[in-house]
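These notes are about the structure you will find just below.
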Amino acid sequence: MRPPPSTLATERASLLAWFDAVARDLPWRRSRDPYAIWVSEVMLQQTRVDTVLRYFDRFLSRFPDPCALASASEDEVLSMWSGLGYYRRARLLHAGSKHLVAHHGGEVPQDPEARRAMPGVGRYTAGAIGSIAFDRPEAIVDGNVARVLSRLRGIDTPLGRADTEARLWAEADALVPGPRPGALNQALMELGATVCAHPTPRCADCPVAGGCVALRTGRTAELPVPKPRRAPRPVDVVAVVARQGRGVWMVRGQDALFGGLWGVPLDEGKGRAAAERALISAGLRGTLERRAQARLEHVLTHRRMDVRVFVAADAHPMGEGARWVDPDAPGDIGLSALTRKILAAAGPSGTASPPR
DNA sequence: GATGCGTGGCG
DNA sequence: TCGCCAAGCAT
């Protein structure tokens with residue numbers, strides 16, 4: 001089932017030599033600071049390298065160490081995360097920094113179990129920090145590694161299933177004990193990201209093509225077998241844009257969706273009545289225009305939001321927990337991409353594109 | 001074990 | 001256009 005030790009040693013050597021030759025120069029690879037590695041790994045969860053590049057240096061400049069991050073407000077942290085998505089990651093990272101200050105002298109612990117106990121650190125991230133920052137022989141399986149190992153070993157059961165995941169971790173566990181485990185893990189990920197890619201791998205450039213089961217059996221296009229997933233559920237949403245000078249009335253999200261971020265009042269529904277509800281529950285009084293000013297679509301992993309944007313005139317606050325925000329200079333608060341999209345659709349003065 | 005959680009790029 | 005999915009985690 002699993003390759004003999006000699007084969008594993010050859011694969012390790014090939015992967016390391018290949019990685020040394022072609023590794024991309026990425027900012028987090030220039031650092032051995034466990035904190036920087038941790039931040040990069042959290043940002044990279046379900047997020048492409050090109051996207052993270054726009055955030056990583058800025059975040060580290062603002063919060064150079066766990067203590068600085070722990071001292072910041074949640075709004076400050078989310079402002080640095082604004083647009084990156086999966087905002088719970090930022091809150092967990094923030095919580096993680098406080099955890100480090102409280103329990104580990106403000107440093108990322110070397111002990112694997114202590115690392116695993118950090119908020120927001122699961123099996124993958126713990127292994128990534130352990131191997132990359134501390135060069136410990138800890139395995140990792142992310143989407144890249146799963147694709148590489150599925151093809152290399154010919155694993156043809158669906159991703160996400162318990163037996164498949166166990167097999168993948170076992171294969172990764174078998175491969176990592178050897179020289180430079182951090183570089184080896186990064187080599188596996190780099191290979192998955194650049195050569196053993198989805199949907200079509202470039203096997204001519206692969207350092208371990210010689211032992212690849214999928215290549216030998218002509219199944220590179222079939223493997224890995226993807227995890228079944230549901231289509232995003234359609235949902236109708238109304239948004240209310242109320243302006244006063246340069247300011248737009250925004251509330252702080254409390255729910256799991258966009259929690260901690262600031263945004264214009266939203267509610268489920270498609271008409272003026274729903275917009276009215278959003279207006280009132282946001283602690284605002286004002287006159288809603290009769291028809292939606294704009295309409296847009298925003299797709300999340302599990303929802304397809306059909307958003308009607310209503311503009312409110314003569315709006316004035318009648319409660320607390322919300323405030324006027326200048327979208328062009330929001331300050332230390334986080335805005336979602338959806339919020340920015342809504343404001344753009346509403347136009348600079350509320351006279352935007354007509355509804356579709 | 002299934003579900004919820006963002007955003008953007010690509011074939 | 002549309003589905004896929006990208007260095008996952010918590011509940």
Side-chain angles (χ1 to χ4, degrees), chain A residues 23-24 26-29 36-56 78 81-93 95-96 116-133 138-148 158-166 168-169 172 182 185-194 196-201 221 224-235 253 255-261 263 297-305 334-341:
Chain A
R24 291 171 290 179
L26 303 173
W28 45 91
R29 288 187 178 155
I37 304 295
W38 172 39
V39 171
S40 75
E41 289 303 334
V42 173
M43 285 189 170
L44 285 161
Q45 290 168 7
Q46 303 288 282
T47 308
R48 294 174 181 283
V49 165
D50 286 348
T51 302
V52 173
L53 286 176
R54 300 200 296 270
Y55 289 82
F56 179 74
L78 286 170
W81 207 270
S82 182
L84 193 49
Y86 281 147
Y87 298 96
R88 185 175 52 175
R89 291 183 297 173
R91 303 211 304 271
L92 289 169
L93 192 63
R116 185 68 178 74
M118 291 164 58
V121 175
R123 190 173 179 182
Y124 163 79
T125 304
I129 299 171
S131 60
I132 298 171
E138 299 178 28
I140 57 168
V141 175
D142 72 329
N144 290 310
V145 177
R147 186 169 50 256
V148 169
L159 295 178
R161 226 172 65 181
D163 57 341
T164 307
E165 297 303 308
L168 289 168
W169 280 95
N185 280 338
Q186 292 187 82
L188 286 170
M189 291 192 286
E190 188 85 347
L191 188 65
T194 63
C196 194
H198 167 88
T200 311
V225 178
K227 175 195 318 206
R229 58 180 78 196
R230 317 213 157 151
R233 178 172 64 88
V235 53
D255 302 331
L257 187 62
F258 302 127
L261 297 181
E297 188 174 80
H298 191 67
V299 182
L300 294 69
T301 306
H302 58 297
R303 270 179 231 187
R304 178 182 299 274
M305 302 173 74
L335 305 182
S336 68
L338 172 60
T339 295
R340 296 180 192 279
K341 201 187 280 188

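Per chain, numbering begins at 1; letters A, B, ... match sequence-line order. The structure displayed is predicted, hence computed values, not measured ones.
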Got a donor-acceptor pair under 3.5 Å from the side chain of [X] to the base of [N]?
X	N	value
A/Thr51	B/dG8	no
A/Thr301	B/dG4	no
A/Arg88	C/dC9	yes

Would you kindly compare A/Gln45 and A/Arg147 by the position of their nearest DNA chain C nucleotide and give the one closer to the 5′ end?
->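 Result of the comparison: A/Arg147.
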Of A/Pro232 and A/Leu92, the one whose closest DNA chain C nucleotide lies more 5' =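 Comparing both residues, the 5'-ward one is A/Pro232.
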Take atom CE of A/Met189 and atom C1' of C/dG8, then tell me their distance rounded to the nearest Å.
->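 Rounding to the nearest Å, CE of A/Met189 and C1' of C/dG8 are 13 Å apart.
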Atom-pair distance (CZ on A/Arg48; P on B/dT7), nearest Å | 16 Å
For A/Arg233, all residues meeting side-chain hydrogen bond (donor to acceptor under 3.5 Å, both in side chains), sequence neighbours excluded = none
Which part of the nucleic acid does [X] contact within heavy-atom distance under 4.0 Å: base, sugar-phosphate only, or nothing?
X	result
A/Thr200	nothing
A/Ile129	nothing
A/Ser40	nothing
A/Arg304	sugar-phosphate
A/Leu257	sugar-phosphate

Side chain to side chain donor-acceptor pair (under 3.5 Å) contacts in which one or both residues fall within residues 117-126 of chain A, not counting sequence neighbours =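 As it turns out, the side chain to side chain donor-acceptor pair (under 3.5 Å) pairs with a partner in residues 117-126 of chain A, which skip direct neighbours, are A/Glu41-A/Tyr124, A/Gln45-A/Thr125.
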Please confirm whether A/Trp81 and A/Tyr55 have ring centers closer than 6.0 angstrom.
-> no
Looking only at side-chain N and O atoms, does A/Arg123 come under 4.0 Å of OP1 or OP2 in C/dG8?
-> no
For B/dG4, does either OP1 or OP2 sit under 4.0 Å from a side-chain N or O belonging to A/Tyr86?
->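 It does not, given that no N or O in the side chain of A/Tyr86 lies less than 4.0 Å from OP1 or OP2 of B/dG4.
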Considering all heavy atoms, the nearest A/Pro27-A/Leu53 contact |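 Of all heavy-atom pairs spanning A/Pro27 and A/Leu53, the closest is CD-CD2, 3.4 Å.
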